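Take a look at the structure below.
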Amino acid sequence: MTEHIADKATAKISMNDVHKSFGPKVVLDGLNLDVGRGESVVVIGGSGTGKSVMLKCVLGLLHPDGGSIKVDGEEVVGMGGKDRDRVLDKFGMLFQSAALFDSLKVWENVAFGLIQGRGMSRDDAKGVALTKMAQVGLGEEVGELGPAELSGGMQKRVGLARAIATEPEIIFFDEPTTGLDPIMGDVINDLIVDCVKELGATTLSITHDLASARKIADRIAMIYKGQIIWAGPTDQIDQSGNAHVDQFIHGRAEGPIQMEVLRP
Amino acid sequence: MVAVGTNFLAAIGRIFLSFTAATGRLSIFTATALSHCVTPPIYPRLLMRQMMSIGYYSLPVVGMTAVFTGMVLALQIYSGSSRFNAEGAVATIVVIGITRELGPVLTGLMVAGRVGAAMAAEIGTMRVTEQIDALTTLSTNPFKYLVVPRLIAGALMLPLLVLVADIIGVMGGYLVGTEKLGFNSASYIDNTFEFLEQIDVISGLVKASAFGFIVSLMGCYHGYHSRGGAQGVGAATTNAVVSASILILAANYIITELFFDI
Ligand SMILES: Nc1ncnc2c1ncn2[C@@H]1O[C@H](COP(=O)(O)OP(=O)(O)OP(=O)(O)O)[C@@H](O)[C@H]1O
Ligand SMILES: [Mg+2]
């Protein structure tokens, strides 16, 4: 097992031996991962290996069956009520499916956390929302539309703007560049890097896009069969010495990871 | 034979267990929702929107239901009471029947179909598209934001709707009574109010408030717990309407009995 982080005491998020099953299906099977303060960690791994489930366990949207998750040194598994609200205030989350509120206009979606969570006035919040939308390449006119009127990639960018609008300490990006063209994808990469550099945010991202991972990550971790099987600095990903990682980053069908598909 | 017997027992056991689990889940849901009703923040804009959608937009449906019910009631009571020469009681029985029973129950059932289904579909869709999760991550409690405004609006608006239904229903009876059955207008109105007691109307409004709560609760509960895409949302919608209807009829009996001795 490779080391996960140098200094455990300063970890912003620390997951230890996290287990989660749905009925008989084991998804997380003793997962360990630490994310340092101000660090950008990217998790890669096959489809359906539990990456989104991992993020939801940290946020308390799913309850782990066992193990410990600490945020700023505070145990969050089993936390509820006011404490949970206080911890959630630190987070922003881009959902894989964008999860925009379809009863609200686009700008109201982006401004939601500012108005409801921070108690900002609607006018002020709209100003901030439009700025954030401009950062993800969406003009003012888009703000008045409903989410159903947007393309998939535009929805993703609105979700991104919503996740960063309150400038949270910790931001989770679940596949931020999936469904975007390569140029817009790189704009989003830069934006995520800026969030970390300028806001000092801690980010944990999931992606299948290796170019994006190399650009935004300080550290990359690979999840396989419910565990982190390799984690290391981004520049060591090509010399990981791990056959699973090698197969994944080169996208080869042959290797230790066998897809359960029917071959003709 | 033994195998059939144990299978049968196992089936009963399973049904009993799942029933107990569902009751428990509903109780927890209700208790959580009620506790959020009395703690800040509340969202006045959302409450207003729900009051509009439950109250105002249900008026046509409720009005139509009430007018035809009042009309048919007058006809039926006339033909029934003529068998023992008691036609004079038509106005009195219509008004008591409407205010005590048919107004609240039919309004409740119509609103269950109209509003309960819409609530379950909307909240269910938000659940399966992760919008409820998104609410949570944006420092907003889904109970406060989604459930509480609907519960309060339901419990407040149904009595108003029933009041309207009472008036329209009695007017329907009046129309048939005077236009078709040949009652004198003034004496029909006299008869309507002569034996009407406050408790008739009040018991109906209390029922209405309970029914409004039930409709919203079932809509929210089934929506909130829906699973698995469009099919799950469809099932939630059906369950919301069916369970609200049955609970309304059961609650109707219980509340009537509580009021019966008064
Ligand atoms: N609410 C749920 N109920 C039951 N099973 C679930 C639920 N959520 C996720 N799963 C299962 O957990 C496994 C991991 O799901 P998850 O969404 O975390 O995958 P992922 O790694 O994010 O994949 P992808 O890259 O395709 O998004 C899947 O096999 C899925 O079937
Ligand atoms: Mg995922």
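Sequence lines set the chain letters: A, B, ... in the order given, protein chains first and strands last, and positions in each chain run from 1. In this text the structure is predicted, and so the values were computed from the model without any measurement.
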Honestly, the part of A:Leu88 sitting under 4.5 Å from a heavy atom of chain B is both
Using side-chain heavy atoms (C-beta onward) and a distance below 4.5 Å, is B:Thr237 in contact with B:His222? no
Interatomic distance, CE@A:Met54 vs CG@A:Leu62, rounded to 0.5 Å, equals 12.5 Å
Scanning both residues in full, the closest heavy-atom pair of A:Gly159 with A:Leu94 reads C-CD1, 3.5 Å
Between A:Leu104 and chain B, which part of the residue has a heavy atom less than 4.5 Å away: side chain, backbone, both or neither? side chain
Report which part of B:Leu135 has an atom under 4.5 Å of a heavy atom belonging to chain A: side chain, backbone, both, or neither. both
Please classify the contact of A:Leu114 with chain B as side chain, backbone, both or neither, using a heavy-atom distance under 4.5 Å. neither
Pairs meeting criterion salt bridge (charged side-chain N to carboxylate O under 4.0 Å, His left out) with involvement of residues 207-218 of chain B, two or more places apart: B:Glu101-B:Lys207
To check you understand the geometry: which heavy-atom pair defines the closest contact between A:Met184 and A:Val136, and what is its length? SD-O, 4.1 Å
Tell me whether the rings of A:Phe112 and A:Phe101 are parallel (<30°), tilted (30 to 60°) or perpendicular (>60°). tilted
N/O donor-acceptor pairs between chain B and chain A, cut-off 3.5 Å:
| unit_1 | atom_1 | unit_2 | atom_2 | d |
| --- | --- | --- | --- | --- |
| B:Glu130 | OE1 | A:Ser97 | OG | 2.8 |
| B:Glu130 | OE2 | A:Lys56 | NZ | 2.4 |
| B:Gln131 | OE1 | A:Asp102 | N | 3.3 |
| B:Gln131 | NE2 | A:Asp102 | OD2 | 3.2 |
| B:Ser139 | OG | A:Asp89 | OD1 | 2.5 |

Take atom CZ in B:Phe16; do more than 12 heavy atoms of anything else shown fall under 6.0 Å from it? no
Taking side chain as C-beta onward, heavy atoms only, is A:Phe95 less than 4.5 Å from A:Leu61? yes
